[in-house]
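Single-structure report; data block below.
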Amino acid sequence: MSPVDLKPAERTRPLWVLRICVAAGLVVSAVIHVQLAPGYQQAAPGGIGQGTLFLVQAGAAALVAVFVLLKGSRTAFAAAAIVGVSSLAAVILYRYVQVPALGPLPAMYEPVWYTAKVITAVAEAVAGGLALTGFALQRRGARFGSATQRRGRHGPSHA
């Protein structure tokens with residue numbers, strides 16, 4: 001059975017599950033970043049420190065989680081993929097590479113894994129991967145939906 005043959009509710013149910021899972025992953029990441037931020041800000045109490053960057057990441061993740069839940073559009077899934085994948089990339093980069101301070105950004109090398117870091121990395125990987133899946137499904141769904149609408153308006157096509 002192709003997606004065209006499915007009822008509208010049956011086509012959207014998997015996207016709702018994806019939307020909820022993507023949002024959940026982003027919220028987990030946001031909550032942990034908010035919890036960790038004060039301890040990481042101590043190195044730069046008055047400036048842009050790692051704690052400030054953690055709060056920016058948490059805010060972006062929370063906003064995009066809401067966006068995905070409210071809209072579930074290709075744009076929402078793309079934003080979620082960007083936040084999830086870029087956050088995961090930062091965790092991995094600063095775990096394995098000693099990047100020096102870049103302008104106002106602090107050096108954030110931390111060559112250890114601990115529970116909260118692992119949880120955020122997994123949550124970001126899940127959110128990013130599922131957001132990419134949702135993006136791809138939305139693209140395919142838009143194509144199937146427009147074909148269905150064309151057949152409905154103009155009757156079946158006769159070749």
Side-chain angles (χ1 to χ4, degrees), residues 3 6 10-147:
L6 296 175
E10 292 171 332
R11 279 190 299 235
T12 59
R13 191 172 300 128
L15 284 176
W16 264 107
V17 172
L18 277 176
R19 288 163 72 175
I20 290 167
C21 292
V22 168
L26 292 173
V27 167
V28 166
S29 175
V31 167
I32 292 175
H33 277 88
V34 167
Q35 291 172 344
L36 294 175
Y40 281 93
Q41 189 58 30
Q42 293 174 0
I48 298 177
Q50 197 167 349
T52 301
L53 296 175
F54 275 23
L55 293 176
V56 169
Q57 187 281 343
L63 285 173
V64 171
V66 171
F67 185 35
V68 167
L69 287 175
L70 291 177
K71 291 291 185 180
S73 63
R74 292 184 74 216
T75 304
F77 279 119
I82 290 167
V83 170
V85 171
S86 65
S87 297
L88 176 63
V91 168
I92 293 170
L93 175 68
Y94 287 108
R95 163 57 182 91
Y96 294 105
V97 179
Q98 193 165 2
V99 179
L102 301 169
L105 300 176
M108 296 185 284
Y109 178 63
E110 185 179 46
V112 296
W113 286 105
Y114 51 90
T115 304
K117 191 181 218 180
V118 170
I119 292 169
T120 58
V122 169
E124 291 157 1
V126 167
L130 291 178
L132 289 170
T133 302
F135 181 83
L137 288 175
Q138 283 290 75
R139 184 173 180 186
R140 185 180 314 158
R143 203 169 38 226
F144 286 134
S146 61

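From Leu55, atom CG reaches atom CD of Gln50 across 11.5 Å, with rounding to the nearest 0.5 Å. In this structure, the separation between OG1 on Thr75 and CZ on Phe135 is 8.0 Å, given to the nearest 0.5 Å. Note: Ile20 CD1 to Leu15 CG = 11.0 Å, rounded to the nearest 0.5 Å. Rounding to the nearest 0.5 angstrom, the gap separating the CG atom in Leu88 from the CG atom in Leu93 is 11.0 Å. For the atom pair CZ of Arg19 and CD of Gln138, the computed distance is 8.0 Å after rounding to the nearest 0.5 Å.
Among all heavy-atom pairs drawn from Ala121 and Val91, the shortest one is CB-CG1, 4.3 Å. Considering every non-hydrogen atom in both Ala123 and Gly25, the closest pair reads CB-O, 3.5 Å. Considering all non-hydrogen atoms of both residues, Leu132 and Ala81 come closest at CD2-CB, 3.7 Å. Summarising the geometry of Pro106 relative to Gly49, their closest heavy-atom pair is CG-C, 3.9 Å, with the distance given to 0.1 Å. Contact record, Val68 with Ala80: CG2-CB, 3.7 Å, taken as the closest heavy-atom pair. For the pair Val27 and Ala65, the tightest heavy-atom approach, listed with the atom from each and the gap, is CG2-CB, 3.9 Å.
For the 3.5 Å distance criterion, the side chains of Gln41 and Thr52 qualify, holding a donor opposite an acceptor.
Every residue two or more places apart in sequence or in another chain was checked for a side chain to side chain donor-acceptor pair (under 3.5 Å) with Thr133, and none qualifies. Partners of Trp16 under the side chain to side chain donor-acceptor pair (under 3.5 Å) rule, at least two apart in sequence or in another chain, do not exist in this structure. Considering only residues two or more places apart in sequence or on other chains, Ala116 meets the side-chain contact (heavy atoms from CB on, under 4.5 Å) condition with Ile32, Leu36, Tyr114. Listed by chain and residue number, Val66 satisfy the side-chain contact (heavy atoms from CB on, under 4.5 Å) test with Leu70 (two or more places apart in sequence, or in another chain). Ala127 pairs by the side-chain contact (heavy atoms from CB on, under 4.5 Å) definition with Leu26, not counting sequence neighbours. For Leu63, there are no side-chain contact (heavy atoms from CB on, under 4.5 Å) partners two or more places apart in sequence or in a different chain.
Pairs of residues two or more places apart, or lying in two chains, that qualify as ring pair (Phe, Tyr, Trp, His ring centres under 6.0 Å) and include a residue from residues 52-83 are His33-Phe54, Tyr40-Phe54. Each salt bridge (Lys or Arg N to Asp or Glu O under 4.0 Å) pair with one or both residues in residues 29-44, not counting sequence neighbours, would appear here, but there are none. Annotation: side-chain hydrogen bond (donor to acceptor under 3.5 Å, both in side chains) contacts involving residues 87-108, sequence neighbours excluded, comprise Gln57-Ser87, Tyr96-Trp113. Judged as a side-chain hydrogen bond (donor to acceptor under 3.5 Å, both in side chains), the pairs with a partner in residues 117-130 (not counting sequence neighbours) are, in order, Ser29-Glu124, Glu110-Lys117.
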